[in-house]
Amino acid sequence: MTVGVREQPRGADPPRPRPGARPGLVGWLTGLAVLAGVGYRLWLLLHAAPPTNSDEATMGLAALHIARGEGFPVWFYGQQYMGTLEAYLAAPVFALAGGPSLLGLRLPTLALYALFLLLAWRLTLRLTGDRWFGLLMVALLALGSDRIVKNQLIAGGGYPEMNVAGAALALLAVNLATGRPGRRSADNGRPDARSADTGRPGRRLARWAAWGFLAGLMLWVDPLVLPYVAATGAVLVVFCRRELWGAAGALLGATAVLGAAPLLLHSLLTGRNPLHAVLAASGANASAGWPDRLHGGLVLGPGLGMGFCAPGQCATWQLWWALALPLLLAIGAATAWRALRIPHPAGSAAVGPDAVSPRVVAAARLALVLAAVATLGAYTVSSSAGLTPVESSRYLSCLLISLPALLWPVWTVARHGLRPAAIGRRGVGSTLAQSVAVVLLAATLGTAAHATWRAAQTVPATRAAEARHTELVSTLRQLGVRHVRAGYWTCNRLTFASAEQVVCAVVDDTLRPGFDRYPAYRREVDSAAAPAWVAPAGSPLAEVLDERQRVTPGRLDLITIEGWRIYLPR
């Protein structure tokens with residue numbers, strides 16, 4: 001048996017809203033869900049959560065340099081991939097605020113999350129026409145486990161932008177495919193006046209330009225979203241291929257080049273291929289066994305990457321989503337393909353207030369499912385899934401874009417049962433399927449809510465750790481320390497928090513030079529007379545420095561504050 005949206009008889013009047021489905025009621029509830037999602041994340045930001053790190057501080061330093069006019073980096077410092085869009089978004093905030101701050105760095109990412117929530121809601125309505133299902137999607141995306149809020153709020157490069165771009169690309173593709181020129185009405189064969197773009201060529205060209213610019217921009221920012229670029233692009237090729245041969249295609253190509261201009265110009269000037277750097281970063285040069293890759297990619301990855309696990313781990317009972325996801329992908333693809341193959345009268349519209357061609361709806365849902373399959377497959381075959389499954393599960397963050405396509409078949413079964421029930425016979429199988437669908441939706445919301453609650457419990461500890469780091473910066477300033485050596489996860493965070501009043505060079509746990517993302521800092525520290533050392537209390541670096549003190553006493557003065565050890569040369 002198959003599931004899907006009940007088809008509307010030819011010539012039938014548009015369905016009337018269901019009792020209790022008044023736009024006012026569901027609109028207010030949806031608005032409250034949006035405010036709850038944004039408010040929860042704003043509360044996190046005001047409590048310095050999720051915890052920051054030196055990678056995010058690197059983006060903050062790039063934003064500081066842009067705000068001061070000291071540099072305009074194309075790539076994340078220290079590498080030849082991952083564009084610095086977040087730095088350019090934060091730079092005006094720093095300029096207006098008079099200096100850098102963690103909150104200022106993250107305010108643009110909060111705005112990006114709010115935009116993603118609105119775009120996902122609008123996309124859901126365009127694909128389903130069901131405002132209550134749209135409310136469900138907003139409620140689910142308003143929740144935020146540890147991994148989810150890190151992806152959405154930490155300005156570490158690429159992740160906050162990708163979901164916004166993916167949802168926008170899908171929505172633009174649906175609008176362009178629905179309102180394509182030459183679409184005919186089922187009533188009289190004339191052009192369909194219901195098309196939002198008919199008679200508005202300027203608006204339509206603007207949408208083509210927006211799609212092209214976003215696609216090109218994502219080539220520069222982060223290639224993880226490319227499956228969604230390709231899938232939504234395929235929808236445009238299928239439904240608008242004739243239009244692509246004209247001005248629309250030329251405009252799309254030009255704006256795509258404009259969006260990818262930083263990448264293209266840098267590659268032309270330096271002769272470097274950013275694809276090589278991306279493959280190296282993905283673990284292509286490392287080795288991981290296939291059992292580890294499959295476990296990390298298909299068992300741990302879905303639960304962690306889609307927001308169903310506690311901070312840093314997945315309990316056994318939370319792994320149920322790893323079993324559900326393949327089934328949802330298969331059902332979502334099958335139902336979308338079946339709907340795509342069903343002949344529809346020209347100009348027929350989908351159920352709901354947002355009229356969209358049923359074939360466009362089916363094609364868009366299929367595209368989102370296939371993009372999710374490609375994302376999951378690419379992650380699973382990478383060595384990152386086997387070597388660092390907990391942290392690298394962030395590579396699956398784009399799967400949230402596909403949630404409407406994955407859960408729509410479940411929603412339709414939960415509300416209406418299986419299709420045979422539509423002819424008046426409600427069998428035991430239909431009732432059982434409806435019960436299973438309701439349980440699955442409830443489990444999805446419940447598991448995500450539990451993960452959100454567990455993430456919120458870590459906020460006091462995160463805030464306390466940030467307070468200790470603030471005390472470290474204040475102590476170094478009071479001591480007049482200008483140059484320090486420290487570990488990788490200390491250095492750039494310290495430099496950013498002090499607005500470069502303290503400059504740090506990286507050392508490893510044996511006191512040898514480490515990886516400096518911004519080489520100018522090392523040159524400045526190496527030229528200093530007597531740089532200090534900074535190490536977290538109890539760290540291997542602190543143990544090595546303590547041993548040096550015991551072997552050669554009198555060379556260093558030790559100052560301790562909660563959580564940190566400062567070693568000052570005499």
Side-chain angles (χ1 to χ4, degrees), residues 30-53 55-64 66-67 76 82-123 137-168 214 217-218 221-222 225 306-307 311 394 397-398 400-401 403 448 451-453 455-456 458-459 462-463 466 493 496-497:
T30 303
L32 288 175
V34 170
L35 290 176
V38 176
Y40 165 58
R41 285 157 179 81
L42 179 60
W43 174 76
L44 291 175
L45 295 190
L46 295 176
H47 289 76
T52 188
N53 54 46
D55 281 348
E56 184 177 25
T58 299
M59 189 66 77
L61 290 168
L64 179 61
I66 294 168
F76 194 78
M82 194 182 296
T84 49
L85 178 60
E86 291 161 18
Y88 285 91
L89 294 176
V93 180
F94 290 179
L96 291 174
S101 67
L102 181 60
L103 179 61
L105 180 60
R106 291 179 172 180
L107 283 178
T109 64
L110 178 64
L112 288 172
Y113 163 75
L115 182 58
F116 167 61
L117 207 56
L118 295 175
L119 288 172
W121 169 74
R122 182 61 180 165
L123 176 63
M137 287 297 98
V138 171
L140 187 58
L141 294 174
L143 299 171
S145 69
D146 175 69
R147 181 69 269 163
I148 291 296
V149 295
K150 284 179 177 177
N151 292 342
Q152 293 171 344
L153 299 181
I154 292 180
Y159 297 98
E161 302 99 308
M162 288 190 297
N163 284 354
V164 179
L214 283 175
L217 190 68
M218 288 302 103
V221 171
D222 200 311
V225 76
M306 298 186 72
R394 66 185 186 275
S397 64
C398 287
L400 294 181
I401 304 169
L403 271 180
T452 302
W453 173 66
T458 66
V459 169
T462 300
R463 189 176 187 182
E466 184 65 21
R493 183 184 177 191
F496 174 69

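As the structure is a prediction and not an experimental result, all values here were calculated from the model. Sequence positions, counted from 1, serve as the residue numbers for this chain.
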Q: Would you please name every residue forming a salt bridge (Lys or Arg N to Asp or Glu O under 4.0 Å) with Glu56, sequence neighbours left out?
A: Arg106
Q: Not counting sequence neighbours, which residues clear salt bridge (Lys or Arg N to Asp or Glu O under 4.0 Å) with Asp146? List them please.
A: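 Listed in chain order: Lys150.
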Mind listing the closest non-hydrogen atom pair of [X] and [Y] along with its distance?
{"X": "Phe496", "Y": "Ser101", "value": "CZ-O, 3.7 Å"}
{"X": "Pro108", "Y": "Val93", "value": "CG-CG2, 4.2 Å"}
{"X": "Gly307", "Y": "Ile148", "value": "CA-CG1, 3.4 Å"}
{"X": "Phe94", "Y": "Gly60", "value": "CE1-O, 3.5 Å"}

Quick one, [X] and [Y] - any side-chain contact, counting heavy atoms below 4.5 Å?
{"X": "Leu153", "Y": "Pro50", "answer": "yes"}
{"X": "Arg493", "Y": "Thr58", "answer": "no"}
{"X": "Thr452", "Y": "Val149", "answer": "no"}
{"X": "Cys398", "Y": "Met162", "answer": "yes"}
{"X": "His47", "Y": "Thr462", "answer": "no"}
{"X": "Val221", "Y": "Met82", "answer": "no"}
{"X": "Val164", "Y": "Tyr113", "answer": "no"}
{"X": "Phe116", "Y": "Leu141", "answer": "yes"}

Q | Sequence neighbours excluded, every pair satisfying salt bridge (charged side-chain N to carboxylate O under 4.0 Å, His left out) that has a member inside residues 88-100 | A |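 Pairs touching residues 88-100 that pass the test: none.
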Q. How would you list all residue pairs meeting salt bridge (charged side-chain N to carboxylate O under 4.0 Å, His left out) that involve residues 85-100, not counting sequence neighbours?
A. none
With rounding to the nearest 0.5 Å, note down the distance linking [atom1] in [X] to [atom2] in [Y].
{"X": "Thr109", "Y": "Leu89", "atom1": "OG1", "atom2": "CG", "value": "9.5 Å"}
{"X": "Thr30", "Y": "Leu117", "atom1": "OG1", "atom2": "CG", "value": "10.0 Å"}
{"X": "Phe76", "Y": "Asp222", "atom1": "CZ", "atom2": "CG", "value": "11.5 Å"}
{"X": "Leu115", "Y": "Asn163", "atom1": "CG", "atom2": "CG", "value": "11.0 Å"}
{"X": "Thr52", "Y": "Leu102", "atom1": "OG1", "atom2": "CG", "value": "5.0 Å"}
{"X": "Ile154", "Y": "Met59", "atom1": "CD1", "atom2": "CE", "value": "12.0 Å"}

Q | With sequence neighbours excluded, residues passing side-chain hydrogen bond (donor to acceptor under 3.5 Å, both in side chains) with Asn151 | A |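 With neighbours one apart ignored, the set is Arg147.
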Q. Hey, is the main chain of Ala167 close enough, under 3.5 Å, to the side chain of Arg122 for a donor-acceptor pair?
A. no
Q: Please check if the side chain of Tyr159 supplies one atom and the backbone of Arg394 the other of a donor-acceptor pair under 3.5 Å.
A: no
Q) Partners of Ile66 by side-chain contact (heavy atoms from CB on, under 4.5 Å), sequence neighbours excluded? A)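 For Ile66, the residues satisfying side-chain contact (heavy atoms from CB on, under 4.5 Å) (neighbours in sequence not counted) are Phe72, Pro73, Ala87, Tyr88, Ala91.
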